[in-house]
2 protein chains.
Amino acid sequence: MRNIRNSNIELKGHPVTAQRRLLLKLIRDTRGHIDAKELYRRASSMDESISLATVYRSLRLFKELDLVDERRLGQVRCYYEVKQLGEHQHLVCKGCGAVIEFKSSLIHKLVDKVQSEHGFNVTKAELYLEGYCKECREEAKGSS
Amino acid sequence: MRNIRNSNIELKGHPVTAQRRLLLKLIRDTRGHIDAKELYRRASSMDESISLATVYRSLRLFKELDLVDERRLGQVRCYYEVKQLGEHQHLVCKGCGAVIEFKSSLIHKLVDKVQSEHGFNVTKAELYLEGYCKECREEAKGSS
DNA sequence: GTTGGAGTTGCGAATGTTTCTCATTCTCAT
DNA sequence: ATGAGAATGAGAAACATTCGCAACTCCAAC
Ligand SMILES: [Mn+2]
Ligand SMILES: [Mn+2]
Ligand SMILES: [Zn+2]
Ligand SMILES: [Zn+2]
């Protein structure tokens with residue numbers, strides 16, 4: 001694979017490789033959340049020689065450069081998404097696996113309070129809610 | 001190992017084995033959070049034939065019976081703690097690894113809101129805050 | 001355009017956590 | 001005491017992620 005152009009701004013001096021460009025594009029083309037394995041699958045279909053290790057290394061770099069966010073959504077593995085402007089949180093249905101995003105200003109209040117009460121400098125606030133969506137609840141009612 | 005007595009209430013009908021009794025006691029004797037490996041280490045020193053698989057199987061059972069809570073504290077592995085009466089959340093220092101527990105009533109408000117706005121039945125609410133404690137911040141200041 | 005050295009990659013092996021399989025053993029209602 | 005069902009130990013397997021290293025690529029300086 002060959003380099004087309006060098007918009008070296010985003011990667012802050014880190015070499016722009018074809019792999020990094022591809023992976024970043026694939027993440028950005030994803031609506032929602034993607035895990036390393038699925039990103040690797042999609043990348044492989046464009047560049048069959050790409051390595052899973054490169055996917056992980058690139059994800060780590062993108063994270064460090066604040067290009068993507070890493071999320072724990074109830075499972076062992078991590079999911080990734082492009083860095084959004086405002087923070088948002090996640091709601092996961094244990095029934096169907098649906099992931100709903102939502103914003104809440106209460107989080108900021110809470111973080112402020114914790115920072116002043118504990119002298120802590122909070123750099124990451126992640127709220128994870130789990131439960132059952134309306135559909136899954138009604139389904140469960142029907143079968144019981 | 002042999003059974004001494006059968007206080008079969010907690011385990012809700014599941015057989016009371018020496019391993020389960022030992023593991024539950026070790027968790028309860030722990031102040032704070034313990035992971036499977038450390039629990040296995042401690043259990044091994046009491047019963048050298050206990051298996052790591054049994055540790056994991058027991059933790060899953062205890063979780064199902066609401067005897068312990070499973071927590072993700074920034075790392076890959078899970079930590080366990082005895083089920084508390086009121087919910088509480090965690091604040092983890094990336095510098096020294098300190099884990100601070102705190103309560104916040106704002107979480108309930110937030111959960112209520114999400115439940116009504118999204119028709120969701122929330123069964124688990126976990127807020128994870130990460131950052132640097134006062135000590136670690138001052139240390140960083142000193143060395144920069 | 002060439003060069004060179006730092007940084008990146010692919011590959012496979014290694015790590016770390018958690019789950020599975022299955023033969024053996026234990027628990028507890030009867 | 002008995003037996004059906006459940007739990008256990010041991011090791012293999014599954015799964016996500018990281019590491020080590022030789023080969024390759026990027027790109028600033030010429
Ligand atoms: Mn999201
Ligand atoms: Mn806790
Ligand atoms: Zn659902
Ligand atoms: Zn600290």
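Values below: all heavy atoms of this structure, side chains included; hydrogens, waters and symmetry mates excluded.
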Looking at Ser51(B), I'd like to know whether one of its side-chain N or O atoms comes within less than 4.0 Å of OP1 or OP2 on dA10(D).
no

Which sits closer to the 5' end of DNA chain C, Lys37(B) or Gly13(B), going by the nucleotide each is nearest to?
Lys37(B)

Please determine whether a side-chain nitrogen or oxygen atom of Gln75(B) lies at a distance below 4.0 Å from atom OP1 or OP2 of dG16(C).
no

How long is the line joining CZ of Arg21(A) and C1' of dC26(D), in whole Å?
11 Å

Quickly work out the Lys63(A) NZ to dT17(D) C1' distance and round it to whole Å.
10 Å

Could you tell me whether the side chain of Arg71(A) and the main chain of His90(A) form a donor-acceptor pair under 3.5 Å?
no

Which nucleotide, if any, forms a Watson-Crick or G-U wobble pair with dG11(D), using both distances under 3.5 Å?
dC20(C)

dA7(D) phosphate, OP1 or OP2: any side-chain N/O from His14(B) under 4.0 angstrom?
yes

Residue Tyr56(B), side-chain atoms from C-beta onward, closest of dT18(C), dC27(D), dG9(D):
dT18(C)

Is Arg72(B) salt-bridged to Glu126(B), cutoff N-O under 4.0 Å?
no

Using the side-chain heavy atoms of Arg60(A), tell me which of these nucleotides is nearest: dT18(C), dC27(D), dC19(D).
dC19(D)

Any Thr54(A) side-chain nitrogen or oxygen under 4.0 Å from OP1 or OP2 of dT8(C):
no

Between C1' on dT8(D) and CG on Leu22(B), what's the gap in Å once rounded to a whole number?
14 Å

Would you say Gln84(A) has more than 12 foreign heavy atoms packed within less than 6.0 Å of its CD?
yes

Among dT17(D), dC27(D), dA6(D), which is the nearest nucleotide to the side chain of Pro15(B)?
dA6(D)

Pick base, sugar-phosphate or nothing for Arg20(A), based on heavy-atom distances below 4.0 Å to the nucleic acid.
sugar-phosphate

Under 3.5 Å: donor-acceptor pair, side chain of Thr54(B), backbone of Ile50(B):
no

Side chain of Gln19(A) only, please: which of dC19(D), dG9(D), dG10(C) is the nearest?
dG10(C)

Quick check: any donor-acceptor pair below 3.5 Å linking the side-chain of Arg57(A) to the base of dG7(C)?
no

When you match Arg72(B) and Val55(A) each to their closest nucleotide on DNA chain C, which lands nearer the 5' end?
Val55(A)

Which is more 5' along DNA chain D, the nucleotide nearest Tyr80(A) or the one nearest Glu48(B)? Just name the residue.
Glu48(B)

What is the distance, rounded to the nearest whole Å, between atom CG of Leu11(B) and atom P of dG5(D)?
21 Å

For atom CG of Leu61(A) and atom P of dT8(C), their distance in whole Å
7 Å

What I want to find out is whether Arg42(B) reaches Glu38(B) closely enough, with some N-O distance under 4.0 Å, to be called a salt bridge.
yes

Can you measure Glu38(A) atom CD to dT17(D) atom P for me and round it to whole angstrom units?
14 Å

For the side chain to side chain contact (heavy atoms under 4.5 Å, CB included) test, which of Lys83(B), His88(B), Lys124(B) pairs with Asp69(B)?
Lys83(B)

Tell me: CG of Leu73(B) to P of dT17(C), nearest whole Å?
14 Å

Name the nucleic acid region contacted by Leu52(B), choosing base, sugar-phosphate or nothing; use a 4.0 angstrom heavy-atom cut-off, strictly under.
base

Spacing between Phe62(A) atom CZ and dT8(C) atom C1', to the nearest angstrom:
12 Å

